[in-house]
S.K.: 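Sharing a structure here in structure tokens format.
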Protein chains: 2
Amino acid sequence: MTRRVTSFDVAARAGVSQSAVSRVFSGASASKATSDKVREAAEALGYRPNVLARSLITGRSRIIGMVVAYLGNPFYPDALERFSRVFQDEGYHTLVFTLPEGAGDTDTDRIIQQMLDHQVDGIVLASVGLGDALAARCEAAGIPVVLFNRGQAGSGLAQVTSANRLGGAKVAEFLVAGGHRRIGHVAGWQGSSTGRDRTEGFVARLAELGQEAVGIEDGRYDHAEAVRATDVLVARGVDALFVGNDHMAFAVMDHLRSALGLKIPGDVSVVGYDDVPMAGFAAYDLTTVRQPVGRMVKATVAALVNQIEDKSAQAEVTEIDGPLILRGSARIPEGLA
Amino acid sequence: MTRRVTSFDVAARAGVSQSAVSRVFSGASASKATSDKVREAAEALGYRPNVLARSLITGRSRIIGMVVAYLGNPFYPDALERFSRVFQDEGYHTLVFTLPEGAGDTDTDRIIQQMLDHQVDGIVLASVGLGDALAARCEAAGIPVVLFNRGQAGSGLAQVTSANRLGGAKVAEFLVAGGHRRIGHVAGWQGSSTGRDRTEGFVARLAELGQEAVGIEDGRYDHAEAVRATDVLVARGVDALFVGNDHMAFAVMDHLRSALGLKIPGDVSVVGYDDVPMAGFAAYDLTTVRQPVGRMVKATVAALVNQIEDKSAQAEVTEIDGPLILRGSARIPEGLA
DNA sequence: TTGAAAGCGGTACCAG
DNA sequence: CTGGTACCGCTTTCAA
């Protein structure tokens, strides 16, 4: 293990000052002649600037802290993968923290603390709430935070979601147009903005169409809960089910078919939300609402980078709109889909 | 945004030297009196040591670089989650890199380079090969590498896998004991040690039991390929299928049922490998081989930390053994399961 | 044990 | 544009 090559080594070999080397690699002004000499020497020596030293003085680490909670829901690995890639393209790197199952404020606190210790330039919280105290700490430290796929009213935090209310409304339209008159709803966790918004949009549009849900049960984004909710709704004789997210929807369809012996579609139509990769399976050929994950991720990154680079930038609340595509095996109404 | 509190501030307030503060926080020798004064002052000021500065001088960042390739396969998000947690417990943090679909050596090269730039203390490659040149670079930089869930013969790299050969053999026993005589195999990618080993163990034990597979097709860990392979094998009249991993197995079962209209079990039994969370679905109540993910992760972390802390430690090849549990909906032989 | 001082490897401001 | 120099915040000898 040979000693690290430093900018001094490069300077010596190139016959310039160490400052010159620094300028060349930090993109500051330098004549072409100097630049060439330096690059050549660096190349020969295998020199790479020390990121730590740079961060120490500039005060920016080019590292983003990312907190993910539900990696069991295929939506998040997908998002994580995109994040890491997009950040990389922007010259940032991703320090990942996962939150235990029943994590409390203490856990979140510790994690945030660790991020601050590492001088992250920004934080992405994927479906994780942030206590007001912590938000304040981040603000005091001057670290931008963006909430991904979850809003927090009045938090003053930047947040990116998709048009969940609109999505919920579309599902209502879809099912009603499909001739369903006994529609049930296995809701996403009502403690989350995402869950609430979808439900709200759904219920509101249903009412506009002169209908009311046969029943609404909170599935809490949990398989077992979703199954329980399904049983309740099936007992009330639903002919269609709107499930708060695909992860639950798979379990629900599975339960309907295997345990309850119902046909989908036929006995009951099911519509999910998220369009996670698994939706490709034939047996789970779910009618679903596509979330524009790609654009959500890009918007999140943009919002973060924006705040990092321009400290005066406002924390904005972004709602990604767009063609929420419905498709799949539910009884498809004419003119829709 | 107030200026960061430094060890000097704490020193001033505690009435000691800055060195004293440093010692207290780096666990070096200090009298109880000093220690108390310092801690109190630190507490009052909200002081936290600057990780970057510390890393710069110590040469250890306490950051692990982790490269993941197939986040689409539920096995990996699960592993990632465990890694991040176990590393956290050990006082390390996880910098995540994802590899694009058809990533070549260039991509891996760039990623490794970035890790080196960040002075990671160690690298975990989850199912990603590492070119010899790159391995050499890591070695030169004195950075330990551990291959997770994939071996690379003669690489001299530390690697952790489970007993894949044994697992494959157990599947052979299981299916034969279940009375199957026309067994097919949708293999895991034969370019991977994991895939090869499972297949080898399977084939060898089958031979010992006086049987031969009706057919072996490489599924390449890909849905479409697995489905294609399934068609081929079904055409040959298989009554049982061993699929190289659960991710493919779900697609295979799905195809068998939905497209081909076969009953599982009944027309054909299916055994997968990995025991990813989805296996809990009733319709996909897959008979599967459980990989001891938890222990694999712990072993990987241990191997890495070991090499980091004791530079003279050997890069070991670990094969996690243990009760590979078979279960699920396949035709279950007496005395097994 | 303790404090003073020398770095770790860069960046940024300075005068030239 | 260039080189000299202070400094980022901490760890680590070294004497005292």
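The structure displayed is predicted, hence computed values, not measured ones. Just the heavy atoms: all of them, side chains too, but no hydrogens, waters or symmetry mates, feed the values below. Residue numbers start from 1 in every chain, and the chains themselves are labelled A, B, ... in the order their sequence lines are given, proteins ahead of strands.
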S.K.: On the 0 to 90° scale, with breaks at 30° and 60°, tag the A/Phe148-A/Phe75 ring pair as parallel, tilted or perpendicular.
M.R.: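 Correct class here is parallel.
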
S.K.: What is the distance, rounded to the nearest whole Å, between atom CG of B/Asp9 and atom C1' of D/dC8?
M.R.: 13 Å

S.K.: Using 0.5 Å steps for rounding, measure from the CG atom of B/Asn73 to the CG atom of B/Asp78.
M.R.: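 That separation rounds to 10.0 Å.
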
S.K.: From the options C/dG3, C/dG10, D/dC10, select the nucleotide whose nearest atom is closest to the side chain of B/Phe8.
M.R.: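 Of all the options, the side chain of B/Phe8 is nearest to D/dC10.
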
S.K.: If you check the A/Ser19 side chain, which of D/dT11, C/dG10, D/dT5 turns out closest?
M.R.: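 Among D/dT11, C/dG10, D/dT5, the one nearest the side chain of A/Ser19 is D/dT5.
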
S.K.: Can you label the angle between the A/Tyr70 ring and the A/Tyr76 ring as parallel, tilted or perpendicular, going by 30° and 60°?
M.R.: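 Rings of A/Tyr70 and A/Tyr76: tilted, as their planes differ by 30° to 60°.
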
S.K.: Which part of the nucleic acid does B/Arg60 contact within heavy-atom distance under 4.0 Å: base, sugar-phosphate only, or nothing?
M.R.: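 No contact.
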
S.K.: Closest to the A/Asn50 side chain: C/dG9, D/dC10, C/dT11?
M.R.: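 Of the options given, the side chain of A/Asn50 lies nearest C/dG9.
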
S.K.: From C/dT2, D/dT11, C/dA12, pick the nucleotide closest to the side chain of B/Thr34?
M.R.: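 Of the options given, the side chain of B/Thr34 lies nearest C/dT2.
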
S.K.: Tell me which nucleotide among C/dG10, D/dG3, D/dC10 gets nearest to the side chain of B/Arg54.
M.R.: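 When the side chain of B/Arg54 is considered, D/dC10 is the closest of C/dG10, D/dG3, D/dC10.
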
S.K.: NA contact type, B/Thr58, heavy-atom cut-off 4.0 Å: base, sugar-phosphate, or nothing?
M.R.: sugar-phosphate

S.K.: Write down the distance between NZ (B/Lys37) and C1' (C/dG3), rounded to a whole number of angstrom.
M.R.: 13 Å

S.K.: In whole angstrom, what separates A/Gln119's CD from D/dC10's C1'?
M.R.: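 Interatomic distance, CD of A/Gln119 to C1' of D/dC10: 12 Å.
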
S.K.: Can you tell me which nucleotide in C/dT2, C/dG9, C/dG3 comes closest to the side chain of B/Ser31?
M.R.: C/dT2

S.K.: Report the nucleotide, chosen from D/dT11, D/dG4, C/dA4, that has the shortest atom-to-atom distance to any side-chain atom of B/Ser17.
M.R.: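 Nearest to the side chain of B/Ser17 among the choices is C/dA4.
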
S.K.: Whole angstrom is fine here: how far is it from CG in B/Leu56 over to P in C/dT11?
M.R.: 12 Å

S.K.: Nearest of D/dC10, D/dG3, C/dA4 to any side-chain atom of A/Ala20?
M.R.: D/dG3

S.K.: Could you give the distance from CZ (A/Arg48) to CD (B/Gln119), rounded to the nearest 0.5 Å?
M.R.: 11.5 Å

S.K.: Provide, to the nearest angstrom, the distance between the CG atom belonging to A/Leu52 and the C1' atom belonging to D/dT11.
M.R.: 14 Å

S.K.: Compare the minimum distances between each of C/dC8, C/dG9, D/dG4 and the side chain of B/Ile57, then state the nucleotide with the smallest one.
M.R.: C/dC8

S.K.: What is the distance, to the nearest angstrom, from the CZ atom on B/Arg62 to the C1' atom on D/dT11?
M.R.: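 Going from B/Arg62 (CZ) to D/dT11 (C1'), I get 15 Å.
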
S.K.: Just the rounded figure in Å: distance from C1' of D/dG9 to CG of B/Leu45.
M.R.: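 After rounding, the reported distance stands at 15 Å.
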
S.K.: Show your reasoning for whether side-chain contact (heavy atoms from CB on, under 4.5 Å) applies to B/Leu95 and B/Gln114.
M.R.: CA-CA 11 Å; B/Leu95 203 59; B/Gln114 295 183 30; over 6 Å; no

S.K.: Write down the distance between CD (A/Gln18) and C1' (C/dG9), rounded to a whole number of angstrom.
M.R.: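 After rounding, the gap between these two atoms is 8 Å.
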
S.K.: If you assign each of A/Ala30 and B/Arg23 to its closest nucleotide in DNA chain D, which residue comes earlier from the 5' end?
M.R.: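 Nearest nucleotide further toward 5': that of A/Ala30.
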
